[in-house]
Amino acid sequence: MAAHVRIPRPSRRTLLRGGLLALAGAAAGAVGASEVPRWCGWDRPPLGGGYAAAADTPAAARHADVTVRYYAETREKVVALTFDDGPGPRWTPMVLDTLAAAGVPATFFMVGRRLREHAALVRGRLDGHEVGNHSWSHDDLATLDLPRVTAELSRAHDVIGEVTGRAPTLMRPPFGHLGGSTLLAADSMGYDIVLWNRQMRERAYAADPGAQVRAIVDGARPGDIVLAHDVGADRRLVALRGLGAMIAGLRDRGYRFATVSQLLAAAPDRPSAPAPSARSPHSS
């Protein structure tokens, strides 16, 4: 008598996975293999992190190291407010108005093409503020080779100088993504790289904007570099509308404000390190 072999029926999950793989294969065949890496993320890391391109031209290095700052090591109660991605007509004037009313300096990491388009918004309004380089087009520099990173930074550098009359000395890579080519380009152009250790998290506080204010005010530590945006989705207003309250709250705690360059210049060369619990740098 022949033995009966029971073949298990495939689960719905298995069938679904197989169907998706087949669909992906068909799509790859339809568009060509050259597009698959971009779809699958091999050359585009996710916003929350991913691979960083290697230093593809090490002979381009000009110095033994490149400075990357998350915050300033200081005991003085001073913080730097920074605003990325502008300028833009919706919110940059509002931010400048709030800072002017409070007499607070800030650092704006501007996108070159936006500054070229909206130069009239900020011309004559940046005295006392600092402008840093945030690339020309806000592309992810960690995915680009050295010539393209250099072109992104150089175009933005030139337009910042034209509009402000000052050459930028700081750069911040879009999304906070750092690749070897970005480091080499920053080195060759004499830039210090500035990230951040505290940031506005508008999505988390959409239902309670006051909590965003309290998070910044109560969580502040000496030497903080705070990330905000003056261009972007409407959720940015959670932070921007609370900017005046944040400034007032920080002043009530004895803090003063500085540009990033002022903050770093005021920090001692070799201060005592802060307690580990006082710092929790993020990248996003």
Side-chain angles (χ1 to χ4, degrees), residues 79-141 144 148-176 182 185-186 189-196 199-200 202 209 212 225-248 257-263:
V79 298
L81 300 177
T82 68
F83 298 88
D84 283 12
D85 297 356
R90 296 177 66 193
W91 303 326
T92 302
M94 178 177 70
V95 172
L96 288 169
D97 288 345
T98 301
L99 296 173
V104 167
T107 300
F108 291 84
F109 287 96
M110 292 188 173
V111 174
R113 63 177 177 81
R114 290 180 182 146
L115 179 57
R116 172 70 74 194
E117 182 179 0
H118 302 298
L121 287 178
V122 297
R123 188 174 278 115
R125 301 203 64 188
L126 295 173
D127 292 345
H129 299 301
E130 182 172 30
V131 178
N133 192 330
H134 202 42
S135 81
W136 173 259
S137 66
H138 204 271
D139 200 355
D140 191 334
L141 303 184
L144 306 182
R148 289 186 291 173
V149 174
T150 302
E152 280 278 326
L153 295 180
S154 294
R155 291 184 72 187
H157 184 96
D158 290 346
V159 74
I160 290 170
E162 291 170 12
V163 173
T164 69
R166 293 168 282 163
T169 61
L170 306 177
M171 65 85 61
R172 174 176 284 167
F175 317 109
T182 307
M189 297 178 68
Y191 277 119
D192 285 339
I193 298 172
V194 176
L195 299 177
W196 60 89
Q199 68 186 91
M200 307 294 180
E202 303 98 340
Q212 174 69 97
I225 296 175
V226 183
L227 170 67
H229 296 80
D230 57 332
V231 166
D234 285 348
R235 69 174 183 274
R236 302 299 188 197
L237 291 171
V238 171
L240 298 183
R241 286 174 174 160
L243 183 58
M246 292 177 200
I247 292 170
F257 299 88
T259 66
V260 170
S261 288
Q262 291 167 345
L263 177 71

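Scope of the values below: all heavy atoms of this structure, side chains included, with no hydrogens, waters or symmetry mates. Residue indices begin at 1 and follow the sequence shown.
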[X] versus [Y], closest heavy-atom pair with distance:
| X | Y | result |
| --- | --- | --- |
| Val163 | Ala119 | CG2-CB, 3.9 Å |
| Val231 | Pro87 | CG2-C, 4.0 Å |
| Pro105 | Gly103 | CD-O, 3.9 Å |
| Asp140 | Leu144 | O-CG, 3.7 Å |
| Ala106 | His129 | N-ND1, 3.0 Å |
| Pro168 | Ile160 | CD-CG2, 3.8 Å |

Please list all pairs passing the side-chain hydrogen bond (donor to acceptor under 3.5 Å, both in side chains) test where one or both residues lie in [range], with sequence neighbours left out.
| range | value |
| --- | --- |
| residues 113-124 | Arg116-Glu162 |
| residues 85-94 | Asp85-His134, Asp85-His138, Arg90-Asp234, Thr92-Asp230 |
| residues 238-247 | none |

Checking side chain to side chain contact (heavy atoms under 4.5 Å, CB included) for the pair Val95/Leu240: CA distance, chi angles, key distance, verdict? CA-CA 7 Å; Val95 172; Leu240 298 183; 3.8 Å; yes
Main-chain N/O of Met200 paired with Gln212 side-chain donor or acceptor, under 3.5 Å: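 Not at all, since once roles are kept as given, no pair shorter than 3.5 Å links the two residues.
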Determine yes or no for a side-chain-to-main-chain donor-acceptor pair under 3.5 angstrom, with Asn133 supplying the side chain and Leu153 the backbone.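 Checking the backbone N and O of Leu153 against the side chain of Asn133, a donor-acceptor pair under 3.5 Å is found.
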Evaluate the side chain to side chain contact (heavy atoms under 4.5 Å, CB included) criterion for residues Met94 and Leu237: first the C-alpha distance (whole Å), next the side-chain angles of each, then the deciding distance (0.1 Å), finally the verdict. CA-CA 10 Å; Met94 178 177 70; Leu237 291 171; 3.9 Å; yes
According to side chain to side chain donor-acceptor pair (under 3.5 Å), who are the partners of Thr98, at least two apart in sequence or on a separate chain?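 So Thr98 forms no side chain to side chain donor-acceptor pair (under 3.5 Å) with any residue.
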Please step through side chain to side chain contact (heavy atoms under 4.5 Å, CB included) for the pair Leu99 and Ile247, ending with a clear verdict. CA-CA 9 Å; Leu99 296 173; Ile247 292 170; 4.2 Å; yes
Step by step, would you call Phe109 with Leu170 a side chain to side chain contact (heavy atoms under 4.5 Å, CB included)? CA-CA 8 Å; Phe109 287 96; Leu170 306 177; 4.0 Å; yes
Kindly indicate whether the side chain of Val226, heavy atoms from C-beta on, has any atom under 4.5 Å from the side chain of Met246.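 No, every pair of side-chain atoms sits at 4.5 Å or beyond.
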Should Leu81 and Leu243 count as side-chain neighbours, where that means a heavy-atom distance under 4.5 Å?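 Touching, per the 4.5 Å side-chain cut-off.
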Indicate the ring-plane relationship of Phe108 and Phe83, choosing parallel, tilted or perpendicular according to the 30° and 60° boundaries.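 Because their plane-to-plane angle is under 30°, the rings of Phe108 and Phe83 count as parallel.
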Out of curiosity, [X] [atom1] to [Y] [atom2], how far, rounded to the nearest 0.5 Å?
| X | Y | atom1 | atom2 | value |
| --- | --- | --- | --- | --- |
| Thr150 | Leu141 | OG1 | CG | 10.0 Å |
| Ile225 | Leu195 | CD1 | CG | 8.5 Å |
| Ser135 | Met171 | OG | CE | 7.5 Å |

Which residues satisfy the ring-ring contact (aromatic ring centres under 6.0 Å, His included) test with Phe257, sequence neighbours excluded?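 Testing Phe257 for ring-ring contact (aromatic ring centres under 6.0 Å, His included), a comparison that skips the adjacent residues, returns none.
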Between Arg172 and Thr82, does any side-chain donor sit less than 3.5 Å from a side-chain acceptor?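 Arg172 vs Thr82: donor-acceptor pair found between side chains.
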Give me each pair satisfying salt bridge (charged side-chain N to carboxylate O under 4.0 Å, His left out) with a member in residues 125-138, each pair once, sequence neighbours excluded.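 Output for this query lists Asp97-Arg125.
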